[in-house]
Every structure is written in structure tokens, then in C-alpha cells.
Number of protein chains: 2
Amino acid sequence: MSRCDQCIARQLNSMKTLTKEELKEVAACKRTLFYKKGEVIFGENELLSGVYCVREGICKMTKLSANGKDHTVKLMGKGKLIGQRSVISEERTHLSAVALIDVELCYVPKDQILDNIKSNQEFSFNVLQNLAQDLREAEGDLINMAQKSVRQRLSEALTYVSKTFGETEDGYLNVNLSREDYASIVGTATESAIRILSQFKKEGLISTSGKKIKIEKLKELERVE
Amino acid sequence: MSRCDQCIARQLNSMKTLTKEELKEVAACKRTLFYKKGEVIFGENELLSGVYCVREGICKMTKLSANGKDHTVKLMGKGKLIGQRSVISEERTHLSAVALIDVELCYVPKDQILDNIKSNQEFSFNVLQNLAQDLREAEGDLINMAQKSVRQRLSEALTYVSKTFGETEDGYLNVNLSREDYASIVGTATESAIRILSQFKKEGLISTSGKKIKIEKLKELERVE
DNA sequence: CTTATACTATGATAATTGTCATGTTTTTCT
DNA sequence: AGAAAAACATGACAATTATCATAGTATAAG
């Protein structure tokens with residue numbers, strides 16, 4: 001049982017507004033969990049008894065479709081709280097959470113979260129603002145899906161991964177997702193994602209080395225139509 | 001300046017948790033507004049100084065796309081609070097609000113809302129739950145957009161309108177949207193929406209009289225692929 | 001009532017995207 | 001290192017959806 005007050009991940013979400021006392025309580029009841037790439041944290045339609053704070057790594061939130069493929073609704077990196085929505089609305093999960101790469105998570109029982117929402121006004125308002133932000137992003141994604149081509153969406157996925165998870169010294173994306181992962185994020189067939197990445201390569205917008213991707217011309221990639 | 005405590009619309013949202021005293025304050029500062037079909041309540045990228053509660057009618061929340069068409073993200077019927085997200089996250093609007101049919105709205109200054117969020121814990125938690133619910137719906141819509149065909153999405157739009165806004169005695173939808181409205185909701189070209197509605201007619205799933213639509217075989221319409 | 005305007009309808013065609021098949025390359029495991 | 005598995009790549013073709021053109025129909029305004 002480690003302390004929470006110096007956790008970097010905590011600084012990135014609503015828990016930054018908790019008092020020292022409240023943090024001690026969280027630290028006392030939390031558990032640290034490790035999942036390997038591909039492991040399932042929870043599935044669809046489950047009842048959660050707590051939320052998971054991403055300390056290290058990235059999870060994907062996915063929904064299985066009728067045809068057996070799954071769509072990645074969003075990626076959760078360091079500091080993101082997984083399961084918050086379900087816990088707050090007291091509903092079953094409608095997405096599953098899967099480790100996209102190896103992850104370290106802190107599990108916090110839901111009562112700990114709900115109690116703080118009821119007692120700490122600053123915390124509560126911060127959660128509210130975060131949810132509002134999430135809602136804005138979800139609506140933005142919806143509009144992108146409705147109005148933009150696969151090509152545009154894939155170019156945005158690449159720049160998103162670059163900006164959110166960074167690049168190595170030699171310019172490659174820090175996180176190496178498979179073509180299938182990209183297809184699932186963009187909402188297209190894996191072959192289509194592969195084809196368009198090949199186009200981007202031919203056009204000099206990106207280059208690859210194995211499954212590693214380097215963005216060569218960011219400005220032009222962002223202007224793709 | 002009318003009273004709020006007996007307003008039906010209020011019962012449908014977080015304001016149902018306000019105390020009599022708080023409601024009096026809201027009643028004292030609110031203004032009732034009327035917009036005709038097609039009139040704009042606010043545009044994209046605006047700063048809002050309050051929220052709008054739908055007392056009567058329906059508004060659509062839309063986003064203009066690069067090609068000049070706009071996409072309808074959601075419909076706001078009786079009791080829905082418009083602008084709540086922007087006010088809470090203290091950001092500019094990213095959608096515009098337009099009267100889909102004639103509407104009557106109550107405008108409530110944002111301080112009135114924010115003050116109640118800070119002082120009334122029950123209200124605050126209710127707003128939180130509503131936002132969580134909205135987020136769930138937005139993610140659901142995103143997945144539908146990614147995974148379902150235009151035909152499926154249109155059939156869902158029809159059943160949604162039927163269930164949400166009801167039907168007349170003779171079975172026609174209470175709200176008569178244009179084909180263009182449906183296209184905007186479904187995220188397709190107007191011609192495609194028209195074509196598919198024609199197919200539905202031929203298949204006996206719906207019938208029409210002028211622009212009025214009647215769902216003939218709900219179960220089968222819901223099973224459309 | 002009639003004329004203008006907006007909405008609905010449908011055909012023809014093009015563009016985008018998905019599916020299936022097949023082969024190559026890369027990674028992983030022993 | 002070598003075999004097996006997974007991921008990547010690409011062609012051929014099918015299905016879906018968008019776009020353009022054109023015409024009919026309903027609705028509102030004068």
C-alpha cells in the first residue's frame with residue numbers, strides 16, 4: 001500500500017483536488033494492478049465496484065459490434081479514470097476496457113469516489129467539468145465519424161497518438177499500435193487502414209520501420225482530405 | 001415572471017432537486033423566450049451567459065461541416081437543458097442550437113445554475129448523473145455511426161422519434177421532420193435518406209401522407225440491417 | 001386560386017469503402 | 001536459429017453511399 005499524495009497520475013485528474021486526509025483514505029483502500037497487453041480489465045455490461053486510475057500504459061475502451069469486430073471509442077493514458085461514468089450513473093458498463101500496452105492501474109472502490117463527490121465540493125465540481133469535457137470530445141468524435149473520410153480520420157488518429165503519447169528522439173511514435181488497432185479507432189476495415197497508411201508512405205507523409213511509424217510531414221498530414 | 005415550482009419541464013431535469021427557496025430565485029431571474037421553427041438560439045463558438053430549458057417544442061444541436069452541410073448531433077425535447085455543458089466547462093459552444101419546430105424556452109443565467117451546483121449537493125450530483133448519461137448516449141451514437149449502415153441508422157432515427165416524441169391517434173409521428181432533417185440526424189445525403197424512406201415504404205415498414213410518416217411494422221423496422 | 005418556393009422523388013454515374021483471396025514480412029516462441 | 005504465428009501488404013471485385021441531373025408534388029404567400 002503506497003502513498004497517493006505524490007502520485008503523478010493523480011495530478012492529471014480530479015483527484016488532484018482531494019485533501020491530504022482524503023488522499024490517505026484513498027491510499028488505504030486502493031489496490032495496484034498490472035495487466036499485460038491485450039488483457040481485459042472489464043467487459044461490457046458489467047457492474048463495477050470501483051474505478052481504475054491509469055498510472056502507466058494505455059487502455060482502450062471498446063465496444064463489440066454485430067459483425068464481431070470491435071470499435072475503439074477512446075484511449076485512456078496516464079491519469080485517466082476508467083469506469084468513472086458507470087460508477088457515477090450507477091449503470092453497467094457499456095464498453096469494455098482492455099490493456100493496449102502493458103498497464104499499471106490503481107483500483108479505487110467506488111464508495112471512496114462517491115463519498116468524496118458528496119463531501120468535497122471542489123472534487124465534485126472538478127469531476128463535473130471532466131465529464132463535460134469528455135462529453136464534448138465524444139460529440140466531436142461523433143461529428144468526425146459522420147463527416148470525415150476514413151483517410152482524414154486516420155490522419156487525425158496518427159496526429160492524436162503523436163500529440164498525446166509523444167515521440168521518441170528519432171521521431172517515431174512512442175506507442176506502436178497495430179494496423180488493426182488503428183482500424184478499430186478509425187472505424188474501418190483493417191485492410192483499408194493498411195492501404196491508406198501505404199498511401200501516406202508513398203506520399204511521404206509518414207515513414208515506417210517495422211510496425212513503428214514516424215510522421216514526416218505533420219502539417220501536410222493534418223491537411224489531408 | 002411566472003413560477004417555476006409547478007413547471008412540468010423542470011420535473012424532467014436536475015432542477016427537480018431544487019428547494020422551494022432555490023426555485024423562487026430561479027423564477028425571479030429567468031426569462032421565457034419563444035423561437036419559431038428554424039430560428040437560431042445560439043451559434044457555434046459562442047460564449048453563453050446561461051442555459052435554456054425546453055418548455056415546449058424541440059431544438060436540434062448541430063455542427064456545420066466543411067462541405068457546408070450540418071450534422072444534427074442530438075434533439076432536445078421538453079425538459080432538456082441546452083447549453084449546460086458549455087456553462088459547466090466554461091468553454092465556448094461547439095454546437096449551435098436551432099428550433100426544429102416552434103419552441104418555448106426558459107433562459108436561466110449561468111450564475112444561478114453554478115451557485116446551485118456549489119451549494120446544493122443533491123442538485124450537483126443530479127447534474128453529474130445527467131452528464132454521465134449524456135456521455136453514454138454520445139458514445140453509443142458514435143458507435144452506431146461507426147458500425148451501422150445508413151439504412152440501420154435511419155430506421156433507428158424513426159423509432160427514436162416515435163418513442164421520444166410520440167404518435168398521434170391515427171399512428172403518425174407527432175413530429176414531422178423533413179427528409180433533410182433525417183439526413184442530418186443520420187449523417188447522410190438528403191437523397192440517400194429519401195431513397196431509403198422510399199424503400200421502407202415499398203417494403204411496407206412505413207407509410208406516408210405528405211410529409212407525415214407512420215410506422216407500420218415497428219418490430220420489422222427495428223430488425224432492419 | 002394560382003404562382004412561387006421549397007420539398008420529395010428517382011435515375012445515372014462516380015467515389016469510397018468493405019470483403020475475399022493470396023502472398024510476404026515481421027515477430028514470437030522454443 | 002528455425003518454425004509457427006501474427007501482422008502487413010496488395011489485387012480484384014462487390015457493396016454502399018455520394019453526387020449530379022431532372023422532374024414531380026406539396027405548401028405557403030399573394
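Throughout, a chain's letter reflects where its sequence line sits, starting with A, and its residues are numbered from 1.
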Novice: Provide, to the nearest angstrom, the distance between the CE atom belonging to A:Met145 and the P atom belonging to C:dT17.
Specialist: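 Distance, rounded to whole Å: 12 Å.
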
Novice: Which atom pairs, one a donor and one an acceptor, fall under 3.5 Å between side chains of residues 209-221 of chain A and the rest of the protein, sequence neighbours left out?
Specialist:
from	atom 1	to	atom 2	distance (Å)
A:Lys214	NZ	A:Asp170	O	3.4
A:Glu216	OE2	A:Ser207	OG	2.7

Novice: Under 3.5 Å, side chain of A:Arg10 to main-chain N/O of A:Cys4, donor-acceptor pair present?
Specialist: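 Indeed, once roles are kept as given, a pair shorter than 3.5 Å links the two residues.
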
Novice: Please report the distance, rounded to the nearest Å, between CG in B:Asp181 and P in C:dA6.
Specialist: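 In whole Å, C:dA6 P and B:Asp181 CG are 15 Å from each other.
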
Novice: How would you list, by chain and number, every residue that makes a salt bridge (charged side-chain N to carboxylate O under 4.0 Å, His left out) with B:Glu222, sequence neighbours excluded?
Specialist: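 With sequence neighbours excluded, B:Glu222 shows a salt bridge (charged side-chain N to carboxylate O under 4.0 Å, His left out) to B:Lys163, given in chain and number order.
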
Novice: Look at all strands and tell whether A:Lys69 reaches a base, only sugar-phosphate, or nothing, counting heavy atoms closer than 4.0 Å.
Specialist: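 Touches sugar-phosphate only.
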
Novice: Determine all donor-acceptor pairs shorter than 3.5 Å in which one atom belongs to a side chain in residues 182-197 of chain B; sequence neighbours excluded.
Specialist:
from	atom 1	to	atom 2	distance (Å)
B:Ser184	OG	B:Asp70	O	2.9
B:Ser184	OG	B:Thr72	N	2.9
B:Ser184	OG	B:Thr72	OG1	2.6

Novice: Shoot me the first and last contacting nucleotide of DNA chain D against chain B, ordered 5' to 3', at under 4.0 angstrom to non-hydrogen atoms.
Specialist: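 The footprint of chain B covers D:dT17 to D:dC20.
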
Novice: Enumerate the protein-to-nucleotides 9-11 of chain C contacts in which both atoms are nitrogen or oxygen and the separation is below 3.5 Å.
Specialist:
from	atom 1	to	atom 2	distance (Å)
C:dA9	OP1	B:Lys201	NZ	2.8
C:dA9	OP2	B:Arg179	NE	2.9
C:dA9	OP2	B:Arg179	NH2	3.0
C:dT10	OP2	B:Ser198	OG	2.8
C:dG11	N7	B:Arg195	NH1	3.1
C:dG11	O6	B:Arg195	NH2	3.0

Novice: Can you sort out which residues in residues 147-158 of chain B have a heavy atom within less than 4.0 Å of DNA chain C? Ascending by number, please.
Specialist: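 Contacts with DNA chain C under 4.0 Å: none.
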
Novice: Does A:Gln112 reach the main-chain N or O of A:Pro109 with its side chain, forming a donor-acceptor pair under 3.5 Å?
Specialist: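 Here the side-chain-to-backbone pair does not exist.
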
Novice: Measure the angle between the two terminal helix axes of the helix from C:dC1-D:dG30 to C:dT30-D:dA1, five base pairs each, and quote it to 10°.
Specialist: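 Comparing the first five pairs with the last five, the axes sit 50° apart.
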
Novice: Tell me: CD of B:Gln199 to C1' of C:dT8, nearest whole Å?
Specialist: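 One finds 15 Å between C1' of C:dT8 and CD of B:Gln199, rounded.
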
Novice: Could you tell me whether A:Thr190 contacts a base, only the sugar-phosphate backbone, or nothing, with contacts defined as non-hydrogen atoms closer than 4.0 Å?
Specialist: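 Touches nothing.
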
Novice: Tell me: NZ of A:Lys211 to C1' of C:dT28, nearest whole Å?
Specialist: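 Interatomic distance, NZ of A:Lys211 to C1' of C:dT28: 12 Å.
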
Novice: Under a plain distance cut-off of 3.5 Å, with no hydrogens placed, do B:Gln129 and A:Glu90 share a side-chain donor-acceptor pair?
Specialist: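 There is such a pair (donor and acceptor under 3.5 Å, judged by atom type) between the side chains of A:Glu90 and B:Gln129.
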
Novice: Output side-chain donor-acceptor pairs under 3.5 Å for residues 51-62 of chain A, partner residues at least two apart or in another chain, one line each.
Specialist:
from	atom 1	to	atom 2	distance (Å)
A:Arg55	NE	A:Glu104	OE2	3.0
A:Thr62	OG1	A:Ser96	OG	3.1

Novice: Would you list the pairs meeting side-chain hydrogen bond (donor to acceptor under 3.5 Å, both in side chains) in which at least one residue belongs to residues 37-48 of chain A, sequence neighbours left out?
Specialist: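 Residue pairs passing side-chain hydrogen bond (donor to acceptor under 3.5 Å, both in side chains), neighbours aside: none found.
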
Novice: Does anything in residues 141-152 of chain B pair up under salt bridge (charged side-chain N to carboxylate O under 4.0 Å, His left out), and if so which pairs, sequence neighbours excluded?
Specialist: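 Counting only pairs at least two positions apart or across chains, the salt bridge (charged side-chain N to carboxylate O under 4.0 Å, His left out) contacts touching residues 141-152 of chain B are B:Lys148-B:Glu156, B:Arg151-B:Glu203.
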
Novice: Side-chain contact, heavy-atom cut-off 4.5 Å: B:Lys69 with A:Gln147?
Specialist: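 Not touching, per the 4.5 Å side-chain cut-off.
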
Novice: Are any side-chain N or O atoms of A:Asp134 and backbone N or O atoms of A:Leu131, one a donor and one an acceptor, separated by less than 3.5 Å?
Specialist: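 A pair under 3.5 Å: no.
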
Novice: Just to verify, what does B:Arg153 make a salt bridge (charged side-chain N to carboxylate O under 4.0 Å, His left out) with, not counting sequence neighbours?
Specialist: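 Salt bridge (charged side-chain N to carboxylate O under 4.0 Å, His left out) list for B:Arg153, sorted by chain: empty.
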
Novice: Which residues pass the salt bridge (charged side-chain N to carboxylate O under 4.0 Å, His left out) test with B:Lys110, sequence neighbours left out?
Specialist: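 Checked B:Lys110 against salt bridge (charged side-chain N to carboxylate O under 4.0 Å, His left out); zero matches.
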
